[in-house]
Amino acid sequence: MKKTILTIIIATATLTAGARQYDITEFGAVSDTTQLSTAALQKAIDACHDGGGGTVLVPAGNYKTGSIVLRSNVTLNLENGATLYGSTDIADYTPMVTDYLSLRTHVPTVQLIYADNATNVAITGQGTIDGRGKAFPKLSWNDEGITRPHLLRMIRCSDVTITGVTLKNSGCWMQHYLACDRVKIHGITVINRNNYNNDALDLDGCHDVTVSDIIADSDDDGITLKSTSPRLCENITISNCVVSSHCNAIKLGTETNGGFRNIIVRGIVVKPSADQSSRYFGLPTGHSAISLEIVDGGSMSNVDIDDITVTGTESPIFIRLANRARPYAENIPVEGIGSISGIRLHDILVDGAGATGCSITGVEGHPVTDVQIYDVTIRHAGGQGVTAAPADEKIAEYPEATMWGILPAKGFWLNHTKDVTLRDINVITDAPDARPLVVATDSPGLIR
């Protein structure tokens, strides 16, 4: 008898410990998009955290919310059929301030879901988070995150997991992970095509990250690595994704104050969006499939990109070392031009590109070094005559694959490079093209 009672007590304790689930409807959330459920969501998150952690459950239904803050040891789980809708009233968003200094943390920012200095946080499930970002007009060139909410922003967080969910319609960047460690993003769908600055994913100065099996369709850049502080993006793998972008599908840049190290990208399909009904930035099929940039100091090294299949995009490959020198804080100027070395791009197949061509360019006295590009086939429109190299190198301008217009080579234009290898590069043009396959200036050590 005693043994039976003890077994029941143990079983009950185990069930209770494993059932730390906090249903938002039990805290007052209602499936009604005319009513705010912000307070109920936050109460459930706080109770979960204060109770030692667990899962905050969003059951099937439609819930409207303003800003909520995730806390350590909390998983926000959205059931199949559950949708969190962002409020369309900016007054329902809480301006947040962090003491982490970076380019975009000098002023308060607004976001739908926010976390700072949290550990072991997750967003999971088969539900949807829709920011309804079209409601927030662009008021100035640099207003992203101030009057137009991010959908998701995490700063200095560790052990972050985002899996399964669909993220839609942010006011600006969809998801910004700044100075985070040990991040896993897997199996999510991102649709971000309703406003300016609609990136799909921004990893900014993050360490030890895996991104896999995501489908992303964005008006602005797709999967983007940034460095808006001295902290490098490093030890990152990106694999098995389908990316559509009007701008750059895979991009390291534009902000590069710290730089990038140990980056692997493989198994990516790049294609135009099936929805061409509106466009805020870029080109219908995108500026580039791969853009690698250092323009604000910083260094880029040990980058391996392979097994990339591309349909469309104007200029498939763009590698750019320049000197925009934008500081991440006014009193901390960029000192010196950065560097790019140790780059491998291989096994790349491109169909239906524009006629622009690809480029690898540095700055006089600061070449891009040790780049190997091989086993690449590009089919593009062609139809160009002999084209002179650009007279203006635009060293201080915003880097973009189409910044010079039609390039002097139908394949690759190299300028200020050293020890670049181009092997098994095949360029097919739909119309005859008088440009040579490769044009190289100030590029010692070129191997073809």
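Between the side chains of T98 and R156, at least one donor N or O lies within less than 3.5 Å of an accepting N or O. With no hydrogens or angles considered, a side-chain donor-acceptor pair links N248 and S288 at under 3.5 Å.
Closest heavy-atom contact between T25 and P59: CG2-CG, 3.8 Å. Across every non-hydrogen atom of M154 and V160, the tightest pair is SD-CG1, 3.5 Å. Here the closest heavy-atom approach between residue T105 and residue Y100 is recorded as OG1-O, 2.6 Å. The nearest pair of heavy atoms linking G61 to S31 is CA-OG, 3.4 Å. Considering every non-hydrogen atom in both P399 and E293, the closest pair reads CG-OE1, 3.5 Å.
Between T94 and Y114, every side-chain heavy-atom pair lies at or beyond the 4.5 Å cut-off.
Ionic pairing of R193 and D219 is not present here: no N-O contact between side-chain nitrogen and carboxylate oxygen is shorter than 4.0 angstrom. R266 and D307 are not joined by a salt bridge, as no carboxylate oxygen comes within less than 4.0 angstrom of a charged side-chain nitrogen.
Without hydrogens or angle criteria, W404 side chain to D392 main chain gives a donor-acceptor distance under 3.5 Å.
Qualifying salt bridge (Lys or Arg N to Asp or Glu O under 4.0 Å) partners for D92, counting only residues two or more places apart in sequence or in other chains: none.
For the pair K138 and Y196, the cation-pi criterion (under 6.0 Å, within 45° of the ring axis) is fulfilled.
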*After noting the C-alpha distance and the side-chain angles of I162 and L152, does the key distance pass the side chain to side chain contact (heavy atoms under 4.5 Å, CB included) rule?*
CA-CA 11 Å; I162 312 293; L152 172 61; 4.2 Å; yes

Side chains of residues 358-375: which donor-acceptor pairs under 3.5 Å do they make with residues two or more places apart or in other chains?
unit_1	atom_1	unit_2	atom_2	d
T361	OG1	R320	NH1	3.0
D370	OD1	R344	NH1	3.4
D370	OD1	R344	NH2	3.2

